[in-house]
Asker: 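The structure is given below, and queries will be raised subsequently.
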Protein chains: 2
Amino acid sequence: MPPQSEPVASTALTPERILEATEEVLRRYGPNKATVVDVARALGVSHGSVYRHFASKAALREAVTKRWLDRTANQLESIVTADAPAPERLRDWLAGLFAAKRRKAGDDPELFATYSALIERLGGGSGLESVVNRHLADLTGQLTRIIESGIRQGTLAAPDPAAAAEAVFSATARFHDPVYAPEWSHPDIEASFTALVDLLLRGLRP
Amino acid sequence: MPPQSEPVASTALTPERILEATEEVLRRYGPNKATVVDVARALGVSHGSVYRHFASKAALREAVTKRWLDRTANQLESIVTADAPAPERLRDWLAGLFAAKRRKAGDDPELFATYSALIERLGGGSGLESVVNRHLADLTGQLTRIIESGIRQGTLAAPDPAAAAEAVFSATARFHDPVYAPEWSHPDIEASFTALVDLLLRGLRP
DNA sequence: TGAATGACAGATTTCAATTTCTGTCATTCA
DNA sequence: TGAATGACAGAAATTGAAATCTGTCATTCA
């Protein structure tokens, strides 16, 4: 029996408020122990009410994960449209992604581990799979736009921008895939990151 | 209680024979259910005898994993010393590593999953960690030698061959790290592989 | 009348009792 | 005499009974 938490101020019950509470509960209890009843209790309502807004616990987890992933994608969007040469934006974008992931992993290891664990199990027809795939498509889409603008500027070259974006993204997996999070605190990781980005940028030179 | 297996012909009990039997037992029962008693039974000896040759079950697992990893490294060694331009050897080596991993994952999923599971948990001071690290060092060492020879030939360029090797190796993680094994049967994976290797080779051009 | 409730059935998780395994070592065997 | 054995203690895994959770829905509430 978890300790009672303060019910949130009793505004109307909205999906957004439920997601807020869900994230808080996940942070507190972790992915295995967080229950729908816990979420309802945090909101001061019965768990039946939660089911009025989300069809299942799985749907709730999908929504809260999507929210979390979208936050990262939105932060990076500003780099895509920045006013700088494409190679510089490409470097900044990759560094930004790495930094965002590292920050999340470092600042709130509980929640990061929680989301990683949620995402990890995307075996069968899990609905999370499509949420994650959409997120990955968002990110490679941003990369594609940077590369395309570089080709227009004449500062980058690639036969197929989307394929190049995918290649760059998977080449840097070590610096953004949560499975490698334990390595992110290694002292030499910055040097490895720089060496890899240098190599990739050389490969994309006109 | 697992079905009795044929005791292997009763030659002298050597570490090599024990490792052979261990691999067989792992293949049959998987990493969770394989016991030292099972290995001893497969050899027709008591489990006490196994402990004469390996100090612990962990040591036995390390040795059998090392054997498995070394087999891959040895196959690739011939590509390193082949008589071909370095860029070609680099491509062949990466393709060889990918093919070897894919073959192992496809031909004997049980055993592959078994070793992946064994390796996966290299959290704390597991002895497996150093076995795996040595393996990774072997592989990046081979890559380093290819790159160095390419620099001597004038067919490749890199400020720091060892750093470049490390960058190439981690850039291709998606095609050799067991955590990505489920993706290896995706139809577009070959195209992704080729696109990435092309990009990396462009980055290493003189 | 539309949102919220809480009792309920079936699914899942937890926990402690029991079984099985690891690693040791005094003894046996050849 | 050196290798092999098997009984044993403590550690780890398994199991199934009990507790908890998910998802539904007839009923209450405002």
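Naming convention: chains lettered A, B, ... in sequence-line order (proteins, then strands); numbering from 1 in each chain.
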Asker: Taking CZ from Phe54(B) and P from dG23(C), how many angstroms apart are they, rounded to a whole number?
Answerer: 13 Å
Asker: Considering every strand shown, what is the Watson-Crick or G-U wobble mate of dT20(D) when both distances are under 3.5 Å?
Answerer: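 Base partner found: dA11(C).
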Asker: Categorize Ser49(A) for me: base, sugar-phosphate, or nothing, with a 4.0 angstrom heavy-atom threshold over every strand shown.
Answerer: base
Asker: Can a salt bridge be assigned to the pair Asp108(B) and Arg103(B) using a cut-off of 4.0 Å between side-chain N and carboxylate O?
Answerer: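 So Asp108(B) does not pair with Arg103(B) through a salt bridge.
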Asker: Would you mind telling me which residue lines up with the more 5' stretch of DNA chain D, Thr35(A) or Val45(B), judged by nearest nucleotide?
Answerer: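 Taking each residue's closest nucleotide, the earlier one in sequence belongs to Val45(B).
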Asker: Tell me: NZ of Lys33(B) to C1' of dA12(D), nearest whole Å?
Answerer: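 Taking NZ of Lys33(B) and C1' of dA12(D), I get 16 Å after rounding.
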Asker: Return the minimal non-hydrogen interatomic distance between Leu90(B) and Ile146(B), and the atom names on each side.
Answerer: N-CG2, 3.9 Å
Asker: Could you tell me the separation between the CD1 atom of Ile18(B) and the P atom of dA4(D), rounded to a whole number of Å?
Answerer: 9 Å
Asker: Expressed as a whole number of angstroms, how long is the span from Tyr51(A):OH to dA9(C):C1'?
Answerer: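 One finds 14 Å between C1' of dA9(C) and OH of Tyr51(A), rounded.
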Asker: Closest approach of Arg202(B) and Gly203(A), non-hydrogen atoms and distance?
Answerer: NE-O, 2.7 Å
Asker: Starting from C1' on dT5(C), measure out to NE2 on His53(A) and report it in whole angstrom.
Answerer: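 Atom-to-atom, His53(A) to dT5(C), this comes out as 13 Å.
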Asker: Among the nucleotides dT5(C), dA4(C), dT24(D), which one has an atom lying closest to any side-chain atom of Leu13(A)?
Answerer: dA4(C)
Asker: When you check the gap from the basic side-chain N to the acidic O, do Arg27(B) and Glu20(B) get nearer than 4.0 Å?
Answerer: no
Asker: Assign each of Arg52(A) and His47(A) to its nearest nucleotide of DNA chain C by heavy atoms, then name whichever residue's nucleotide is nearer the 5' end.
Answerer: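 It is Arg52(A) whose nearest nucleotide is closer to the 5' end.
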Asker: Please report the distance, rounded to the nearest Å, between CG in Asn32(A) and C1' in dT13(C).
Answerer: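 Atom CG in Asn32(A) sits about 10 Å away from atom C1' in dT13(C).
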Asker: Does dT15(D) have a Watson-Crick or wobble partner in any strand here, with both distances under 3.5 angstrom, and which is it?
Answerer: dA16(C)
Asker: With a 3.5 Å limit on both atom pairs, tell me what dA7(D) is paired to, counting Watson-Crick and G-U wobble, or say none.
Answerer: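 Partner of dA7(D): dT24(C).
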Asker: Send over the distance from Arg41(A) CZ to dG6(C) P, rounded to a whole Å.
Answerer: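 Rounded to the whole Å, the gap is 13 Å.
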Asker: Could you state the atom-to-atom distance from NZ of Lys57(B) to C1' of dC21(C) in whole Å?
Answerer: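 Rounded to whole Å, this separation is 8 Å.
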Asker: Using ring centroids (six-membered ring only for Trp), state whether Phe175(A) and Tyr180(A) fall under 6.0 Å.
Answerer: no
Asker: Applying a 3.5 Å limit to both distances, which nucleotide forms a Watson-Crick or G-U wobble pair with dC29(D)?
Answerer: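 Looking at the geometry, dC29(D) pairs with dG2(C).
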Asker: Would you please confirm or rule out a distance under 4.0 Å between OP1 or OP2 of dT5(D) and any side-chain N or O of Ser46(B)?
Answerer: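 The answer is yes; a side-chain N or O of Ser46(B) sits under 4.0 Å from OP1 or OP2.
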